[in-house]
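Naming convention: chains lettered A, B, ... in sequence-line order (proteins, then strands); numbering from 1 in each chain. Keep in mind that the numbers below use all heavy atoms, side chains included, and drop hydrogens, waters and symmetry copies.
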Amino acid sequence: MDSARADLTAPSLADQERMVEAILFACEHPLSSAEIAARLPQGCDAPEALARLRQQYTGRGVNLVRVGDGYALRTAPDLGWLMQAERVEQRKLSRAAIETLAIIAYHQPATRAEIEEIRGVAVSRGTVDLLLELGWVRLGRRRQTPGRPVTFVVTDAFLDHFGLESARDLPGLQELRAAGLLDNRPMPGATASEEDDATDAPVRGQSELFED
Amino acid sequence: MDSARADLTAPSLADQERMVEAILFACEHPLSSAEIAARLPQGCDAPEALARLRQQYTGRGVNLVRVGDGYALRTAPDLGWLMQAERVEQRKLSRAAIETLAIIAYHQPATRAEIEEIRGVAVSRGTVDLLLELGWVRLGRRRQTPGRPVTFVVTDAFLDHFGLESARDLPGLQELRAAGLLDNRPMPGATASEEDDATDAPVRGQSELFED
Amino acid sequence: MNDDWDSVAERRAAEALIVDVDGFEGPLDLLLTLSRSQKVDLRRISVLQLAEQYLHFIEQARALRIELAADYLVMAAWLAFLKSRLLLPPDPTEDGPSGEDLAAHLAWQLERLQAMRDAAARLMARDQKGRDFFVRGQPESVAVTRRTEMRANLLDLMRAYARLRTRDEFRPYAFDRSDIYALEAALERLSQLLPVTRDWADLARFLPEGWDSAPDRRRSAKASTFAASLELAKQGRVDLRQSEAFAPLHLRGREGGADG
């Protein structure tokens, strides 16, 4: 079918770079290094080609960005004003939805009860529904506490939308953590079982953010 | 909004090149030189920026090509074979298939008879075949009951596609209701559902039944 | 002069709070708004003063006969308790957390809520896809191979399941009810019609409207109406007459029967 694939010797790095460029260019959504590698001929070094390509696009009108585990080509943010015609009508999010999203992002994995605790009000019907529908939030592991509540985490689509490489790059995350504002402190005098949940939660939450 | 537009002096040629690059990348259709010029700030030289950009992309994995009287960025013709996997037709899963899949996910391992009992209609062979073919469902252990019926379970590919870490992370009925996913108002006197995974479901279910 | 202006602004803000009581997203939101009047870092906020501000606010709202949701009143009760703990010397015989601990926790909760709001604002101020940066606009037109990909997301899956389970739980019940004319309904209808039925009338004329089209519904309505007429005859409120077997059944309200 094609000569490059049948060839036993790997393509030159310059050619690998061209291939990765074409693959990323054709695809609207981010592709992981493994997905790219799977489409390259035998013997290619996808991470190296990606690194070179990223260098190549630095400072250009289109940039190679990292999104979670994936890579994608996106226009440079400072040129957004040129693309009035391409602008997508953004769904106006309610204050509750925005705050719920932020809480899930900064505290993930977060249960409904934790979101309600922080906001001081019940999470209204449809708020989480909307975030799921936008694809910005997904279900995480169930919390291993009584009732085994469902948890929510943010998705790669969320990272992609807000131009974040990973959840670690959320604005102000370090400061919030240093200030203890991402801890799960139980109310003084809370019952023992509740404290158990609390001590379990932050450790898992923080470590999961730093795992990869 | 931006200094470049307000500025009386035109942007540098390098900046003009970046702008044209971003515009061509994001635009849904090829643009003529005049259309590009209309989007650029005052004093820009669109033909010159296009010529430079064309030069820049020569020999790369993506090329600047003329299409009719417009310009567009396209993957290099010799790399077309890399894009095979991009030709994907999306089709919505049928209602029967999604319901069958949901039942398997929530009740796995599930036999055909169990699926039919919950759906209230016979499950066609094609529906299960489709799910098997998609790699979302596979055969589980045979049930040790008369007739030793085949069971179905969901696969890792299923978890991957739906962004789940395990099928146990799927929300229970009460959680679905809390998330506003259950529109149907429960009728008084309805029996509580027998849910295996959420032990507190029937209790909460009852109180919820009489809430409104 | 600057002070004057401040106090005017403050009074305005206070009035706005009263009018806008429904605008708050719960007691914590209200507390956070009130705390701004202290004009200090949230870490140095006086919780005692804040508790007083809140209780004052609740009093004013009540004086203006503004309906307050239960959680506002729960918070008021808790803050009154906290206030007493903060003011009174600690009782050595009483265990549980000290007033200072509770106050510190409340201050921390407010700080956390404010921090999350700031974080949300910073998040939304970021460059966003489709607004500030863009994806490739032209789909690649490579027609080499075709693959069909089934589209279904988690929401579809959960909705499908929810649909199935709700149907299981509730639909048969609702379905049954819709085609059954209850005996109670028939009794009520007949009782209402009797005072104006002093002449013999065919039982069929008492069937409710909209119940004679489908056979199932007509049968149910007929049976219940007949049973109701027997019940009323037993009570002496109605006379029944039938000329021969299977002939139409006639009924008539009894004089004064309705009272006894």
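In plain terms, the two heavy atoms of A/Gly61 and B/Ala22 that are nearest each other are O-CB, 3.5 Å.
Proximity to chain A (any heavy atom under 4.5 Å) is shown, for B/Asn63, by neither the backbone nor the side chain. In this structure, chain A has heavy atoms under 4.5 Å from both the backbone and the side chain of B/Ile23. If you measure heavy-atom distances from A/Leu24 to chain B, you find no contacts under 4.5 Å at all. Looking at B/Glu17, neither its backbone nor its side chain comes within 4.5 Å of chain A, counting heavy atoms on both sides. For A/Asp78, the part sitting under 4.5 Å from any heavy atom of chain B is the side chain, from C-beta outward, and nothing else.
No more than 12 heavy atoms of other residues, nucleotides or ligands shown are found within 6.0 angstrom of CD on B/Glu133.
Going from atom CG of B/Leu73 over to atom CG of A/Leu73 covers 10.5 Å, rounded to the nearest 0.5 Å. To the nearest 0.5 Å, the span separating CE on B/Met19 from CE on A/Met83 amounts to 10.0 Å.
Taking 4.5 Å as the limit, every side-chain heavy atom of B/Leu79 sits out of range of all side-chain heavy atoms of A/Glu21. A heavy-atom distance below 4.5 Å is found between the side chains of B/Cys27 and A/Glu86. Inter-residue side-chain proximity for A/Val150 and B/Asp169 is flagged as unmet; no heavy-atom pair is nearer than 4.5 Å.
A cation-pi contact links A/Arg60 to B/Tyr57, judged by a cut-off of 6.0 Å to the six-membered ring centre and 45° from its axis.
Put simply, the side chain of A/Arg138 never gets that close to the backbone of B/Leu164: no donor and acceptor are under 3.5 Å apart. A/Arg142 places a side-chain N or O within donor-acceptor distance of the main-chain N or O of B/Arg168, the cut-off being under 3.5 Å.
Shown here are the side-chain hydrogen bond (donor to acceptor under 3.5 Å, both in side chains) partners of A/Arg74, two or more places apart in sequence or in another chain: A/Asp160.
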